[in-house]
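This report refers to the structure that appears directly beneath it.
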Amino acid sequence: MLEVRDLHVKFHSRQRQAVGGVSFSIADGEILGLVGESGSGKSVTALTVAGLLDREKAECSGSVLLDGVDLLKLQEPELRQLRGKRIGVVFQEPQTCMDPLMKVGRQVEEALAIHTNTSREERRRLAIQALTDVELPDPETVYDKYPHELSGGQLQRAMIAAAILTRPALLLLDEPTTALDVTVQAQILELLKKLNREHGISMLFISHNLYVVKKLCRRVAVMQRGLLVEEGDTQEVFYHPQHPYTQRLIAAIPTRQRPKP
Amino acid sequence: MKQALKKLGAFLLTMVIVSFVTFLAFQLIPGDPVTHMLGTSYTPERADALREQLGLKGPLLVRYWDWLRGFVTGAMGTSYSYNLPVSQLVGEKVGNTLALNALTFVLIVALSLPIGLFTVRRHGGAADRCLTVVNQVIMAVPPFFTGILFTWLFSVVLSWLPGKFIEFSEDPVGYWQCLFFPALALALPRIAMTVRMLRSTLLEELHRDYVRTAISRGNDSRAALYRHALKNALPPVVTFLAQTMAEIVASSIVVEQVFSIPGLGRLLLASINSSDWPVVQAIVVLLALWVMLAGTVADLINQRIDPRLRLGGAK
């Protein structure tokens, strides 16, 4: 479904390539975990896949094929058609990613308003349905709230609702649980699993937290300094890490969470 | 409701403080209205009698209280130098000053919003860079100088302006023509400042995460700007415009001189010169009221824009 081949990204302002030849693929309905420390290039990879990289500031080469279409070759208007419709994105901090002056419901249904001709009432109905899907209590009230009236966990659920409302083929999750506390984090992971199971949405889940990735993803790819150093079955990578960097990452997990072989 | 009452209370308190400080200032600065009024016929007995007659003899607080009571009921006292009721003197001029200030304000809003948005849409381009330079220059020129330049250009060289001030009752069109160039002179540096302010706030907002989210939902840069960033950029600009209102009031005093507009500014300067304090007091309080009103309106507008500023809104 998604196939990234030999992706290179270089910012004009930097010497080193941010992403230096990365290849991976995601099958239909699969969740791929992408892990690595800050600055390893995982977020840049995600932004490139989402078509959100500022092309004036960075140079990309290689290919990003979404159902056979190379996103890197598309012009801005064609990319815009995909954003929010075929590709949904959920970012790290829900508090700053929501427009503080727009009601939550209007933001949840925004992609629908942009890409389809659905009526206002229909959009509202679908948005409330999506808010129900992400298990927000009292979705009708949430619809009319402003972001500052919700908690971080509630907001992140609403962000996920906004991203899945148009039933995208691919959901990019860039550290979606990092800013949340641990119990909320676990709930969000459960929710993502459920959405993947029920709606068959493929996901690219980015995190620096191996433990979180292990709970959600079957397959995992490990990035270091812009390169993919290891990729494979999550259990396999966890229990028999090949690359020294992966071994170090696993060693960095607090012992209580660390998997016992 | 409770918030509105609190606001009103703060408003009234500020007005009382402003008027009291002006009142106090006139007790402290040198210059005696009685000496001024009697001129060459000054004798200590006459001065004493006049003081008695003007109510200048009682203790400070009592005199302030008398004035305040009078002001609230509309009796603002009598001008020393014109021997006319202050309300009548001020009433004749207040319309002109308000019209000048209002026109200036309209010009600022009507011009700076589109120009600011234009520079942001063309950010980094040649047009944006040119406008930034022009802006710097305009900002540096004080309104009285632009005023002198305008009067010379439009009335002496081009003779577009009528030679004398036309009252509204004589010719409404001519009246606004008379006010247009003074208003423009007043507005120009403020327009430049507002454009710069709007540009920098907008550019800052455009780098925020929610704009990236908006783009990720399929908005183009135009929609991200108008649907999301603009509204978020407005509150500081609205506050800035309210402060600008206060600055217009201050500069209009000078510009009225340059363009010979019979407004409060000229009356104020003349009254300060002749220690005609009832007039000064009334004008200062009126101007303060006007400025405070602008601030309050700005607060109300910002509360409409940003729900976090409403009562119980912020957590």
Side-chain angles (χ1 to χ4, degrees), chain A residues 43 46-47 49-54 56 76-104 106-116 144-151 155 158-159 162-163 165-166 168 171-172 174 179, chain B residues 113 117 120-129 198 201-239 298-315:
Chain A
S43 283
L47 287 179
V49 173
L52 285 172
L53 208 64
D54 191 341
E56 283 169 16
E76 178 60 25
E78 298 158 316
L79 266 180
R80 212 181 301 136
Q81 287 305 311
L82 293 175
R83 285 187 209 127
K85 194 177 174 192
R86 303 274 298 142
I87 308 171
V89 190
V90 177
F91 295 103
Q92 182 171 350
E93 281 182 53
Q95 278 94 342
T96 61
C97 287
M98 281 261 184
D99 183 339
L101 305 187
M102 197 186 249
K103 285 183 178 169
V104 171
R106 302 296 301 279
Q107 301 194 52
V108 169
E109 67 185 32
E110 193 177 15
L112 214 55
I114 293 167
H115 296 291
T116 62
D144 285 316
K145 293 239 170 170
Y146 284 97
H148 70 272
E149 296 170 303
L150 298 182
S151 71
L155 275 182
M159 289 294 283
L165 187 56
T166 49
L171 190 58
L172 291 168
D174 189 0
Chain B
L113 283 181
L117 283 166
V120 169
R121 305 250 328 126
R122 296 275 194 296
H123 173 55
D128 175 37
R129 283 204 296 267
L198 182 66
T201 353
L202 266 177
L203 288 176
E204 202 184 303
E205 287 300 324
L206 282 174
H207 281 105
R208 297 217 186 269
D209 289 346
Y210 69 83
V211 172
R212 188 181 57 181
T213 312
I215 299 276
S216 82
R217 289 188 187 134
N219 280 294
D220 55 14
S221 56
R222 205 186 157 81
L225 174 65
Y226 288 108
R227 268 177 70 95
H228 295 280
L230 180 58
K231 205 176 171 192
N232 278 282
L234 277 184
V237 176
V238 169
T239 309
D299 283 352
L300 290 176
I301 292 176
N302 279 344
Q303 282 176 14
R304 285 295 318 149
I305 298 176
D306 192 340
R308 288 170 297 183
L309 300 174
R310 291 174 209 158
L311 183 72
K315 266 198 263 187

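Lettering follows sequence order; numbering is per chain, from 1.
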*asked:* Evaluate A/T166 against A/T116 for side chain to side chain contact (heavy atoms under 4.5 Å, CB included), listing each step before the verdict.
replied: CA-CA 9 Å; A/T166 49; A/T116 62; 5.8 Å; no

*Does the pair A/M102 and B/R227 meet the rule for a side chain to side chain contact (heavy atoms under 4.5 Å, CB included), with working shown?*
CA-CA 9 Å; A/M102 197 186 249; B/R227 268 177 70 95; 3.6 Å; yes

*Would you please test A/V89 and A/L47 for side chain to side chain contact (heavy atoms under 4.5 Å, CB included) and show each step?*
CA-CA 9 Å; A/V89 190; A/L47 287 179; over 6 Å; no

_Pair B/I301, B/L234 - check side chain to side chain contact (heavy atoms under 4.5 Å, CB included), show working._
CA-CA 10 Å; B/I301 292 176; B/L234 277 184; over 6 Å; no

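With salt bridges taken as basic N to acidic carboxylate O contacts below 4.0 Å, one links A/E76 and A/R83.
Residue A/A113: no heavy atom, backbone or side chain, is found under 4.5 Å from chain B. Neither the backbone nor the side chain of A/L172 comes within less than 4.5 Å of any heavy atom of chain B.
Within 6.0 Å of CZ on B/R304 lie no more than 12 heavy atoms contributed by other residues, nucleotides or ligands.
Side-chain atoms of B/D128 come within 3.5 Å of backbone N or O of B/G124 as a donor-acceptor pair.
Within residues 213-220 of chain B, the residues having any heavy atom closer than 4.5 Å to a heavy atom of chain A are B/T213, B/I215, B/S216, B/R217, B/G218, B/N219, B/D220, listed by residue number. Residues from residues 92-101 of chain A that place a non-hydrogen atom less than 4.5 Å from a non-hydrogen atom of chain B comprise A/T96, A/C97, A/M98, A/D99, A/P100, A/L101, given in numerical order.
In this view, B/D299 and B/K7 satisfy the side-chain contact (heavy atoms from CB on, under 4.5 Å) rule, not counting sequence neighbours. The salt bridge (charged side-chain N to carboxylate O under 4.0 Å, His left out) test applied to A/E78 returns no partner, not counting sequence neighbours.
In this structure, CD in A/Q107 is found 9.0 Å from CG in A/L155, a value given to the nearest 0.5 Å.
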